[in-house]
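In what follows, chains are A, B, ... by sequence order, proteins preceding strands, each numbered from 1.
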Number of protein chains: 2
Amino acid sequence: MKSRKADVPEAQKRNTIPFYRKMAGLLKSEIFSESYPVGALLPTEQELCDRFSASRYTVREALRLLEKDGMVKRLQGRGTEVISKSERTVFAQSLTSLSQLYDYAAETHLVVERVMRIVSDETLANDLGRLPGREWILVEGMRTTTLGDIICISHIFVHQDFAKLRDEIKANKGAIHRLIEERFDVRVVEVHQEISSVSLEKSMARILEQVEGADGILVTRRYLADDDVPILVSFNWHRLAGFRYSQVIRRE
Amino acid sequence: MKSRKADVPEAQKRNTIPFYRKMAGLLKSEIFSESYPVGALLPTEQELCDRFSASRYTVREALRLLEKDGMVKRLQGRGTEVISKSERTVFAQSLTSLSQLYDYAAETHLVVERVMRIVSDETLANDLGRLPGREWILVEGMRTTTLGDIICISHIFVHQDFAKLRDEIKANKGAIHRLIEERFDVRVVEVHQEISSVSLEKSMARILEQVEGADGILVTRRYLADDDVPILVSFNWHRLAGFRYSQVIRRE
DNA sequence: AATCAAAATTTGTACGGACAAATGTACCAG
DNA sequence: CTGGTACATTTGTCCGTACAAATTTTGATT
């Protein structure tokens with residue numbers, strides 16, 4: 001283990017941990033301690049080069065880390081602005097399994113019963129999070145295991161813009177919002193998910209083999225585009241007994 | 001708008017869009033079309049330099065983009081492996097509210113009833129996802145609104161390593177796993193969350209003002225460090241009536 | 001004082017070189 | 001055949017330089 005380089009300044013000892021990481025750590029702590037308060041500009045890259053006796057490459061690598069952690073925003077011609085005291089916790093939703101007794105049956109099928117076109121009234125518009133009077137495609141069906149056991153009843157509202165997919169939806173195995181993203185030039189930017197207990201109305205109860213008014217679980221998911229416009233909204237009614245929703249959230 | 005540089009090769013025209021981005025785009029499409037199948041290694045950086053007549057800097061910037069989008073994994077000494085045909089969709093869990101009737105009461109309190117030290121037997125070890133015989137701190141209490149209305153009963157198991165926090169936990173208002181991350185040098189890398197229906201046992205039912213055996217909701221969260229070691233595991237029992245869990249997941 | 005243009009500042013892109021660290025392979029010794 | 005060492009390969013870190021592009025500042029002109 002000899003010195004890493006002939007012309008490495010003293011500030012950069014040979015700790016195995018790269019200098020730009022140390023530098024980023026130091027800058028983070030200085031931001032945290034408000035030496036550089038939120039809203040202020042960090043020193044310029046050149047000034048940081050001087051301060052740390054490092055090359056611009058190294059400084060930029062450090063700043064890149066700060067940016068990745070959501071602590072600074074860099075703007076060409078302006079500088080590096082501090083936007084947060086602490087690291088953003090980025091979680092990547094890596095796995096979402098929704099099952100009900102059927103842990104292993106990862107493969108599920110959407111069995112489409114009916115597809116119809118409807119115009120939203122006030123009540124429905126409220127549920128869908130949008131104005132009344134809009135047209136939607138309503139897909140009614142149920143999600144089952146590959147064995148045919150019912151997991152939940154699904155009502156899926158697809159925005160009128162994607163009406164062309166009407167027939168494709170029936171054949172589609174996977175998630176409908178994926179289909180939309182592939183066929184159209186839209187991106188789902190936000191998903192609002194809600195899990196709540198409900199009392200099952202007669203028709204639902206019958207399909208789920210429950211008595212009318214029995215408790216059940218309603219899982220609602222709203223898929224929104226970047227302008228907050230709902231692309232797809234799904235309602236999924238589950239039996240209470242055996243309901244289990246599990247999810248793994250992983251930090252990047 | 002004159003030529004961007006004297007020695008810029010022909011492959012890099014002057015399109016305002018930087019060359020490393022174009023290069024990344026091209027490589028992505030080649031991965032998608034299986035010119036480079038999943039599992040295979042991409043050409044080495046040097047080979048890409050030759051192919052695109054670009055410097056290693058530019059090639060590495062392009063590869064960095066592919067890596068960010070989760071399409072390749074780079075490994076020192078090995079190469080750049082293709083791990084996915086399509087871009088990863090990164091969702092950042094930006095907001096998680098867990099409420100029960102109390103939508104506006106974002107502020108909640110953890111009222112600690114008891115703190116004790118326990119050794120896990122097989123059953124408990126199984127629940128906690130770890131080996132039996134380990135020592136844990138068990139914090140028993142309930143989460144309430146600021147008005148004092150009970151939201152849920154909480155049993156929180158904290159790993160023995162963080163036993164020092166025993167007293168701090170009582171005073172602590174926010175999330176305990178935050179406290180641990182701040183005080184110790186650990187990072188929560190994964191959270192396993194599970195929501196399931198349960199039958200409330202007598203003591204739970206009494207506190208939640210339910211009859212014994214009534215249905216309830218159990219929300220379990222396991223906070224894991226990067227070595228899959230559980231740092232904290234919490235069990236939260238809710239009344240069924242009025243239960244509502246909502247979450248917003250935002251794509252980066 | 002207001003407006004527009006030029007200049008200065010600052011980050012972005014891109015080139016080149018060099019050595020370090022990690023991985024995989026080939027070879028040798030037992 | 002097994003185990004370990006030496007070597008080649010490949011990505012990681014770091015230096016230097018130069019010009020481009022975006023923003024802000026300055027200054028001149030109206």
Side-chain angles (χ1 to χ4, degrees), chain A residues 1-25 27 36 39-68 71-83, chain B residues 1-25 27 36 39-68 71-83:
Chain A
M1 258 106 266
K2 44 243 60 157
S3 68
R4 63 155 69 239
K5 208 122 169 228
D7 50 353
V8 169
E10 248 319 290
Q12 314 171 23
K13 289 153 290 174
R14 58 309 242 110
N15 270 19
T16 74
I17 156 166
F19 187 60
Y20 71 89
R21 290 197 175 273
K22 295 191 215 168
M23 198 164 138
L27 288 173
Y36 301 114
L41 291 179
L42 234 52
T44 67
E45 296 180 356
Q46 190 52 58
E47 286 167 343
L48 290 173
C49 289
D50 296 343
R51 173 179 165 195
F52 290 105
S53 305
S55 73
R56 197 166 156 229
Y57 169 87
T58 306
V59 167
R60 283 176 65 78
E61 284 297 308
L63 291 177
R64 209 196 285 254
L65 287 183
L66 294 200
E67 188 176 33
K68 181 176 73 69
M71 298 181 70
V72 302
K73 185 173 68 177
R74 316 181 67 194
L75 202 53
Q76 192 172 160
R78 179 147 193 273
T80 303
E81 185 188 342
V82 179
I83 58 174
Chain B
M1 258 115 260
K2 45 245 56 162
S3 69
R4 63 155 69 240
K5 209 120 172 232
D7 50 353
V8 169
E10 249 317 293
Q12 312 171 22
K13 290 152 291 174
R14 56 311 243 106
N15 271 18
T16 73
I17 154 167
F19 186 59
Y20 71 90
R21 289 196 176 275
K22 295 191 216 169
M23 199 163 132
L27 288 173
Y36 301 114
L41 290 179
L42 235 51
T44 67
E45 296 180 354
Q46 189 53 55
E47 287 167 341
L48 290 173
C49 289
D50 296 343
R51 172 179 166 194
F52 289 105
S53 304
S55 71
R56 199 168 154 225
Y57 169 86
T58 306
V59 167
R60 283 176 65 79
E61 285 297 310
L63 291 177
R64 209 197 285 255
L65 287 184
L66 295 200
E67 188 176 34
K68 180 176 74 70
M71 298 180 70
V72 302
K73 186 173 69 176
R74 315 181 68 195
L75 203 54
Q76 192 173 160
R78 178 148 192 271
T80 303
E81 184 188 343
V82 179
I83 58 174

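- Atom CG of B/Leu27 and atom CG of B/Leu65 lie 10.0 Å apart (nearest 0.5 Å).
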Give every donor-acceptor pair under 3.5 Å between a side-chain atom in residues 71-83 of chain A and any protein atom, sequence neighbours left out.
| unit_1 | atom_1 | unit_2 | atom_2 | d |
| --- | --- | --- | --- | --- |
| A/Arg74 | NH2 | A/Glu45 | OE2 | 2.4 |
| A/Arg78 | NH1 | A/Glu81 | OE1 | 3.1 |

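- The nearest whole Å value for the distance from the CZ atom in A/Arg60 to the P atom in D/dA18 is 17 Å.
- From B/Thr58, atom OG1 reaches atom NZ of B/Lys22 across 12.0 Å, with rounding to the nearest 0.5 Å.
- In this structure, B/Glu47 atom CD and D/dT11 atom P are separated by 8 Å, rounded to whole Å.
- Side-chain nitrogen and oxygen atoms of A/Tyr20 include at least one within less than 4.0 Å of the OP1 or OP2 phosphate oxygen of D/dT13.
- Looking at B/Arg56, its side chain has no donor and acceptor atom pair within 3.5 Å of the base of C/dG17.
- Interatomic distance, OG of B/Ser55 versus CZ of B/Phe19, reported as 9.5 Å (0.5 Å rounding).
- When distances run from any side-chain atom of B/Thr44 to the nucleotides C/dC15, D/dG16, D/dT11, the shortest one goes to D/dT11.
- A straight line from CD of B/Gln76 to C1' of C/dC19 spans 12 Å, rounded to a whole angstrom.
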Determine, stepwise, if the pair A/Glu61 / A/Arg64 fulfils salt bridge (Lys or Arg N to Asp or Glu O under 4.0 Å).
CA-CA 5 Å; A/Glu61 284 297 308; A/Arg64 209 196 285 254; 3.7 Å; yes
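- Among C/dG12, C/dT13, D/dC14, the nucleotide with an atom closest to any side-chain atom of A/Glu45 is C/dG12.
- For a distance-only test at 3.5 Å, the side chain of B/Arg21 fails to qualify as a donor-acceptor partner of the base of C/dG12.
- Rounded to whole Å, the distance from CD on A/Gln46 to P on C/dA8 is 17 Å.
- Close to C/dT13, at under 4.0 Å from its OP1 or OP2, lies no side-chain N or O of B/Thr58.
- One atom, CG of B/Asp50, and another, P of D/dT10, lie 12 Å apart when rounded to the nearest Å.
- Here D/dT9 presents its C1' atom at 12 Å from CG of B/Leu41, a figure rounded to the nearest Å.
- A/Arg78 has no side-chain polar atom (N or O) that falls below the 4.0 Å cut-off from OP1 or OP2 of C/dT10.
- Taking atom CG of A/Leu75 as the reference point, atom P of D/dT24 lies 7 Å away to the nearest angstrom.
- In this entry the distance linking CZ of A/Arg74 with C1' of D/dT23 reads 15 Å, nearest Å.
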